[in-house]
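Here is the structure we will look at, set down as C-alpha cells.
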Amino acid sequence: MGNWFQQSIVGTGRLSLFCFFVALIVTFVATRINVRLIRAKIGWFRNISVGEMHIHHVVFGVVLMLVGGVAGLMAGSAWTAAIFGVGSALVLDEFALILHLHDVYWEEEGRTSVDAVFVAVAVTGLLLMGLRPLTWDFATPISPGAIIVGNLALAIITLLKGKIWTGLVGLFVPFLLVIGAVRLARPGSPWAHWFFATRKVDKALRREERWRRPVIRVKIAFQEFVSGRHDLPSSRRGRRHT
C-alpha cells in the first residue's frame with residue numbers, strides 16, 4: 001500500500017489533489033452526521049447562532065476556502081489543499097441554499113447540495129485516476145485541438161439533453177459523450193423543448209418512466225442513507241421572487 005501511494009500519488013504529483021479529495025469526503029460525511037444529530041436533538045449538538053441569527057456552515061466554508069486558496073497561491077502544499085477541501089465540502093453541502101437564496105436544507109430542493117458534492121467527488125476521483133477532461137489518449141491523425149473542440153461540442157449537446165452525469169463523466173471518458181449526444185433527450189430538457197414534436201415527447205416520457213425513474217429512486221435512497229431524509233414540505237412553492 002505504501003509503495004502504491006508513493007508511486008501513484010506522490011510520484012505523479014497528485015498529493016495535493018489526494019489531500020483535497022480525502023478532506024472533501026471526510027468533511028462532508030462528518031458534516032452530515034453532525035446536522036443529523038442536530039436535527040434529532042441528540043446530546044449537545046446544536047446550531048450555531050448569534051442572537052437570533054443562525055450561522056450556516058457555508059460561512060465557515062467560504063472562510064476556509066479563502067484561507068486555503070490564498071495560502072495555496074503563496075505556498076501550495078498538501079495542507080493548503082486539505083484546508084481548501086474542508087471549505088469546499090462545507091460550501092457544497094449548502095449549495096442548494098446558495099442556489100435558491102433560501103434555507104431548503106431538509107426540503108426536496110436540498111438534494112441539490114448532495115448532488116453537488118457527489119459531482120465534486122466524482123470529478124476529483126477521475127482526476128486522481130490520471131484522466132484529463134476533453135482529451136483522447138489513443139493515437140489518431142486528428143489534431144488535439146480538433147478533438148477538444150469536438151468533445152466540448154458533444155458535451156454541450158449531452159448536457160442540453162438533460163443528461164448531467166453522462167455529460168460530466170463523458171468529459172473524461174469521451175465515448176460516453178457520443179452515446180449521450182446521439183440518444184433521445186430527457187423530457188423537460190432544453191433540447192426536448194427546442195426540437196421535440198409531440199410524438200418524440202411521448203417516447204421520451206415512456207423511456208423516462210421505464211428506465212430513469214427506478215435509477216432515481218435508488219439514487220435518492222442512497223442519498224438519504226448518506227445525508228438524511230429531505231422530507232420537509234417545500235417552502236419555495238408558491239413563493240414569488242421579490
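One is the number of the first residue; the rest follow in order along the sequence. This one's a predicted model, so the numbers in the text were calculated from it and none came from an experiment.
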When rounded to the nearest 0.5 angstrom, what is the spacing between [atom1] in [X] and [atom2] in [Y]?
X      : Y      : atom1 : atom2 : result
Ser16  : Ile9   : OG    : CD1   : 11.0 Å
Glu109 : Leu97  : CD    : CG    : 12.0 Å
Leu168 : Leu177 : CG    : CG    : 9.5 Å
Thr158 : Trp165 : OG1   : CH2   : 15.0 Å
Phe20  : Leu128 : CZ    : CG    : 10.0 Å
Ile42  : Asn34  : CD1   : CG    : 11.0 Å

Side-chain heavy atoms under 4.5 angstrom apart, residues restricted to Ile, Leu, Val, Met, Phe, Trp, Tyr: same cluster for [X] and [Y]?
X      : Y      : result
Val117 : Ile216 : no
Leu131 : Ile179 : yes
Ile25  : Ile33  : yes
Trp106 : Leu37  : no
Trp194 : Ile156 : yes

Checking His56 against Asp103 for the side chain to side chain contact (heavy atoms under 4.5 Å, CB included) test, could you report, in this order, the C-alpha distance in whole Å, the side-chain angles of both residues, the deciding distance, and whether it holds?
CA-CA 9 Å; His56 291 271; Asp103 190 357; 3.2 Å; yes

Side chains of Arg32 and Ser113, heavy atoms from C-beta outward: is any pair under 4.5 Å?
yes

Side chain of [X], backbone of [Y]: donor and acceptor closer than 3.5 Å?
X      : Y      : result
Lys161 : Arg183 : yes
Lys163 : Arg186 : no
Glu94  : Val58  : yes

For Arg39, does the CZ atom have more than 12 heavy-atom neighbours from other residues, nucleotides or ligands under 6.0 Å away?
yes

In terms of ring plane angle, is the pair Phe5 and Phe18 parallel, tilted or perpendicular, where the classes change at 30° and 60°?
perpendicular

Using 30° and 60° as the class limits, which term best fits the ring planes of His57 and Tyr105: parallel, tilted or perpendicular?
perpendicular

Over all atoms of both residues, closest heavy-atom pair of [X] and [Y]:
X      : Y      : value
Trp191 : Ala185 : CD1-CB, 3.8 Å
Ser189 : Gly162 : CB-N, 3.7 Å
His54  : Ser49  : CA-OG, 3.9 Å
Thr166 : Gly180 : CG2-CA, 4.1 Å
Ala155 : Leu171 : CB-CD2, 3.6 Å

Electrostatic pair Arg111:Asp231 at N-O distance under 4.0 angstrom
no

List the atom pairs, with distances to 0.1 Å, where a side-chain N or O of residues 77-91 and a protein N or O form a donor-acceptor pair under 3.5 Å, not counting sequence neighbours.
residue: Ser77; atom: OG; partner: Trp79; partner atom: N; Å: 3.4
residue: Ser77; atom: OG; partner: Thr80; partner atom: N; Å: 3.4
residue: Thr80; atom: OG1; partner: Ser77; partner atom: N; Å: 3.0
residue: Thr80; atom: OG1; partner: Ser77; partner atom: O; Å: 2.9
residue: Ser88; atom: OG; partner: Phe84; partner atom: O; Å: 2.8

For residues 217-228, dump all side-chain donor-acceptor pairs below 3.5 Å to protein atoms at least two apart in sequence or in another chain.
residue: Lys219; atom: NZ; partner: Asp115; partner atom: OD1; Å: 3.3
residue: Gln223; atom: NE2; partner: Asp115; partner atom: OD1; Å: 2.6
residue: Ser227; atom: OG; partner: Gln223; partner atom: O; Å: 2.5

Might you work through the side chain to side chain contact (heavy atoms under 4.5 Å, CB included) test for Val114 and Phe95, ending with a clear yes or no?
CA-CA 8 Å; Val114 187; Phe95 177 78; over 6 Å; no

Apply side chain to side chain contact (heavy atoms under 4.5 Å, CB included) to residues Met129 and Ser8 and explain how you reach the verdict.
CA-CA 9 Å; Met129 292 168 60; Ser8 301; over 6 Å; no

Between Arg132 and Leu126, does a side chain to side chain contact (heavy atoms under 4.5 Å, CB included) hold up when you go through it step by step?
CA-CA 8 Å; Arg132 293 295 178 265; Leu126 290 169; over 6 Å; no

